[in-house]
Amino acid sequence: MNDFLEKLRQTISHYGKKIWTWFLAKSRRYQLWRWLVVIFLASFLCMSIYLTFVAKTSNVKGLKNALEQATEIYDKNDQKAGYLYAQKGTWTSIDDISPNVIDAVLSTEDRNFYKEYGFSVKGIARASLMHLKNKLTGGNAVTGGGSTLTQQLVKNAFLSQEQTLSRKAKEIFIAMQVENTYSKKEILAMYLNHAYFGNGVWGVGDAAKRYFGTTASQLTVPQAATLAGMLTSPNAYNPADHPEASKKRRDVVLSLMEDNNKLTAAQTKEYQATPMVTNNTYTYNSGYKYPYYFDAVISEAINRYGLSESDIMNRGYKIYTSLDQNYQTTFQEDFANDYLFPDNAANGARAQGASVALDPKTGGVAAVVGGRSGTHVFRGYNRGTQLVRSPGSTIKPLAVYAPALNKGYHYDSELPDELKAYGTNKYTPHNWNNVYGGDLPMYKALAESKNTSAVWLLNKIGVKTGFDSVEKFGITLDPSDENLSLALGGLKKGVSPYQIASAYTAFANDGVRYDPHFITKIVDASGKTIVDNTEVDSTRVLSAKNANEMTSMLIDVYTMGTGTNAKPAGYTIAGKTGSTQGNGVDPMAADTDHWYVGYTPDVVVATWVGYDSSKDSIEDAGNRGGASLFKTQMEGILPYTKENKFEVKSASTMAAENSADDDSDESWWDKIKNAGQEGTSDWKQTADSWLQKGKDALNSLFGN
């Protein structure tokens with residue numbers, strides 16, 4: 001075996017020498033070394049250009065402003081409504097930080113801070129050797145070391161925590177850019193205010209209060225050494241939770257301060273003998289005043305404008321929104337009132353709810369609550385924007401009655417109310433009370449939420465027409481929703497209060513729907529506008545005439561129909577109620593969801609009440625099934641609106657006025673209209689449709 005290994009070694013050595021000789025000969029002939037040098041230099045140049053670009057585009061100039069101030073949220077009147085931050089504490093000026101802290105931190109973290117230009121050559125060499133060692137032993141990451149104080153600031157402020165060579169290279173170039181932009185004093189202030197000290201505390205000012213009950217300017221040498229020692233591992237060395245480990249680490253820092261000539265040997269010995277005494281006087285003042293609204297703002301900034309949560313929370317932005325603080329406060333107070341909600345389910349499940357208020361003139365969300373008081377989790381489930389439930393009868397105006405008006409029907413057109421099967425599958429809609437009264441006018445069928453009439457009418461105008469209408473109102477449907485159950489809210493996915501409220505803004509705004517939104521503008525810490533949503537896209541969903549006619553019918557919902565118990569005292573509102581049943585088939589089954597949508601010319605509100613599990617039902621909840629909540633909400637916010645009135649009367653009022661006229665005075669057009677609705681001919685509907693198209697064309701040219 002030994003002979004074999006010796007022969008193998010000799011063979012490898014023999015051919016290795018031949019290959020090396022061949023390589024040297026070829027390199028002299030083709031000047032390979034020169035080409036290798038050229039390739040290396042070109043690669044280095046390209047890498048330097050790239051890293052310089054990264055450094056120049058990192059908004060280093062705005063770093064100090066971003067760290068100094070919290071991200072602030074402003075309402076529709078540009079009044080401050082709150083603020084948000086995560087990795088940020090109370091900013092403390094460098095002049096208000098004890099010199100003991102500076103001596104301790106520099107002795108521990110970066111003794112050559114004032115001599116370096118953002119990076120340390122020795123540190124880089126040390127980190128490179130560590131990286132090479134890891135490569136040889138199978139690792140692939142830099143294990144630490146080599147970072148100056150400026151680099152640590154850059155890593156925390158601009159980069160991820162991954163420890164790779166590419167991140168290290170970016171860190172160095174950005175650190176040099178920071179050194180170009182700020183003085184050493186400013187860099188030190190940013191570092192100390194952006195450092196983490198465990199227990200959710202950021203910045204030396206808050207850390208001084210959290211652990212020693214004092215200000216940053218009054219920190220003693222042992223206290224300063226304790227905080228400096230925490231920088232390497234804030235959780236392991238914090239004196240409140242780990243006093244022994246913290247004291248040992250503090251004593252190490254004191255020794256380093258002696259080595260750095262900041263303490264004498266006698267002082268070091270004296271301070272190391274000092275007992276570890278903590279005192280917590282820190283109080284966290286949350287600016288997260290409107291949690292569900294602020295959650296939605298953050299989500300919109302991320303999903304629509306591409307910002308990261310970290311940037312939003314820590315970059316000191318000013319975010320301007322459509323928030324109405326009066327509305328939002330009212331909503332939050334109402335959702336804290338247990339008497340406005342159903343009792344817990346038999347299995348103990350707590351009833352839930354959600355509400356959204358929109359400005360129909362802009363599409364801006366004025367208020368949102370996504371759950372009962374005490375259930376909010378930061379950026380958790382927001383039922384106001386994320387709920388997916390069948391809208392029940394609230395979809396009827398969108399899928400049936402609005403497109404019917406476009407087809408030439410009118411508020412007083414006669415519709416049948418009879419139990420009837422449709423299609424080969426014998427789809428048979430039932431009314432909620434299983435009562436059928438024969439023919440009735442459209443406005444009454446809508447106010448009393450007649451399922452039979454809605455399905456009959458959708459079948460008459462065409463399911464595709466109703467499907468397209470719902471999508472035009474801004475609600476995206478699944479292809480499988482194109483069937484007659486669409487008239488009753490039978491959707492595959494369902495909707496949220498945010499979506500249904502946005503759809504109804506078209507009725508409140510003369511047929512025009514603006515894209516719903518929370519954010520109107522975002523300004524960064526340097527004053528630059530990075531998001532401008534002040535000009536919102538809009539879509540004409542239906543003519544002003546038909547929007548007003550829909551409003552006249554929807555007023556009756558709250559005056560004589562299914563919403564009478566939810567009508568706010570002293571106000572006229574329009575809208576629609578809706579409910580869904582647990583099994584989706586039996587109309588007499590217990591309700592699982594209750595919806596209330598109401599609006600004036602100034603505001604649209606959509607409210608949902610139910611349980612998170614559709615297996616639980618709102619059994620015998622009465623007014624506590626949502627009516628009282630919605631009524632209380634509307635009575636709370638309507639006094640804060642401009643209290644504009646509808647320009648139309650209710651459909652029932654108009655019908656009563658028309659019926660007072662003598663039949664002999666009936667116009668020839670009314671006779672034709674009535675004749676057409678008796679089913680003798682469909683030509684009248686076609687004529688009305690062409691007439692309406694002509695009116696819409698004129699309206700688009702000359703206005704309404």
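Nearest approach of S107 to N260, heavy atoms of both residues: OG-ND2, 3.0 Å. The two residues K247 and T274 make their nearest non-hydrogen contact at CE-O, 4.0 Å. Summarising the geometry of D311 relative to T71, their closest heavy-atom pair is O-OG1, 4.4 Å, with the distance given to 0.1 Å. Across every non-hydrogen atom of F212 and V277, the tightest pair is CD2-O, 3.5 Å.
With values rounded to the nearest 0.5 angstrom, I522 atom CD1 is found 10.0 Å from T529 atom OG1.
Ring geometry for W202 versus H194: interplanar angle of 30 to 60°, hence tilted. Using a 30° and 60° split on the angle between ring planes, Y292 and H376 fall in the perpendicular class, above 60°.
For the pair K76 and Y320, the NZ or CZ position fails the cation-pi test of under 6.0 Å to the six-membered ring centre and within 45 degrees of the ring normal. Relative to the six-membered ring of Y237, R249 meets both conditions, a distance below 6.0 Å and an angle of at most 45° to the axis.
Looking only at atom types and distance, the side chain of S526 has no donor-acceptor partner in the side chain of N65 under 3.5 Å away.
Applying the 6.0 Å contact sphere to NZ of K209 captures no more than 12 heavy atoms from other residues, nucleotides or ligands. Counting non-hydrogen atoms of neighbouring residues, nucleotides and ligands closer than 6.0 angstrom, the OH atom of Y196 exceeds 12 such neighbours.
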